[in-house]
Amino acid sequence: MNRRQRAKTVIELEPRRTTATETARSPETTVEPDPLYGVVLLKTALELKRRKDGSPEEILRSVLARMRLPEDEFRAWLSQQGELSKVLGGGES
């Protein structure tokens, strides 16, 4: 082994175990986040800043349509995120 090289250490991690409190605490189904949901939020924010006409709701719908993402799944994920849905004009939760 060269002086400059370091020995590589491989660590195998154990899978995370769910506790009884975690399973009891989350009876509702969780929506698996699509990696593009963050992109939707970013594009919506940029459109809101650029366009002065149109409501946040209309802009969000147009971004989702352009990206061909299902609106109902995005709304379910957004409602799990909490207060963010109120900012974007989502449902009153």
Side-chain angles (χ1 to χ4, degrees):
M1 203 182 222
N2 195 340
R3 264 187 3 180
R4 294 181 191 154
Q5 292 179 338
R6 293 184 184 165
K8 294 183 181 179
T9 306
V10 177
I11 301 173
E12 292 186 25
L13 301 176
E14 293 181 10
R16 184 172 178 241
R17 298 181 195 129
T18 58
T19 61
T21 56
E22 288 177 348
T23 55
R25 206 177 352 175
S26 59
E28 63 186 41
T29 58
T30 58
V31 176
E32 189 67 30
D34 189 330
L36 293 176
Y37 288 168
V39 178
V40 170
L41 294 176
L42 180 63
K43 285 188 174 203
T44 303
L46 290 173
E47 286 286 323
L48 283 170
K49 188 174 181 179
R50 188 176 58 141
R51 289 180 22 192
K52 299 301 178 193
D53 61 333
S55 68
E57 189 74 25
E58 293 170 355
I59 293 173
L60 178 63
R61 282 189 179 137
S62 68
V63 169
L64 286 169
R66 278 184 279 155
M67 293 182 69
R68 295 184 180 112
L69 292 173
E71 184 177 346
D72 55 342
E73 290 180 14
F74 178 77
R75 296 256 179 218
W77 174 79
L78 195 61
S79 68
Q80 288 178 354
Q81 302 306 309
E83 297 298 314
L84 189 59
S85 62
K86 289 182 183 178
V87 171
L88 290 176
E92 293 80 25
S93 49

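It should be emphasised that the depicted structure is a prediction, and the values quoted were computed from it without experimental measurement.
In this structure, Leu69 is a member of the same hydrophobic cluster as Val39, with clusters built from ILVMFWY side-chain heavy atoms closer than 4.5 Å. Put simply, Val63 and Leu42 are part of two different groups of oily side chains (I, L, V, M, F, W, Y) that touch within less than 4.5 Å, one to the next. By the rule that hydrophobic residues join a cluster once side-chain heavy atoms approach within less than 4.5 Å of another member, Leu64 and Met67 end up as members of one cluster.
Using bins of under 30°, 30° to 60° and over 60° for the plane-to-plane angle, the ring pair Tyr37/Trp77 lands in the tilted bin.
Of the inter-residue distances, the one linking Glu73 atom CD with Asp34 atom CG reads 8.0 Å to the nearest 0.5 angstrom. Between atom CG of residue Leu41 and atom NZ of residue Lys43 there is a gap of 12.5 Å, rounded to the nearest 0.5 Å.
In the displayed structure, Arg66 atom CZ is contacted under 6.0 Å by more than 12 heavy atoms of other residues, nucleotides or ligands.
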Take Val40 and Leu60 through the test side-chain contact (heavy atoms from CB on, under 4.5 Å) and record every step on the way to the result.
-> CA-CA 8 Å; Val40 170; Leu60 178 63; 3.8 Å; yes
Going through the distances and angles, do Glu57 and Arg61 end up as a salt bridge (charged side-chain N to carboxylate O under 4.0 Å, His left out)?
-> CA-CA 6 Å; Glu57 189 74 25; Arg61 282 189 179 137; 3.6 Å; yes
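For Asp53, the salt bridge (Lys or Arg N to Asp or Glu O under 4.0 Å) partners two or more places apart in sequence, or in a different chain, are Arg51.
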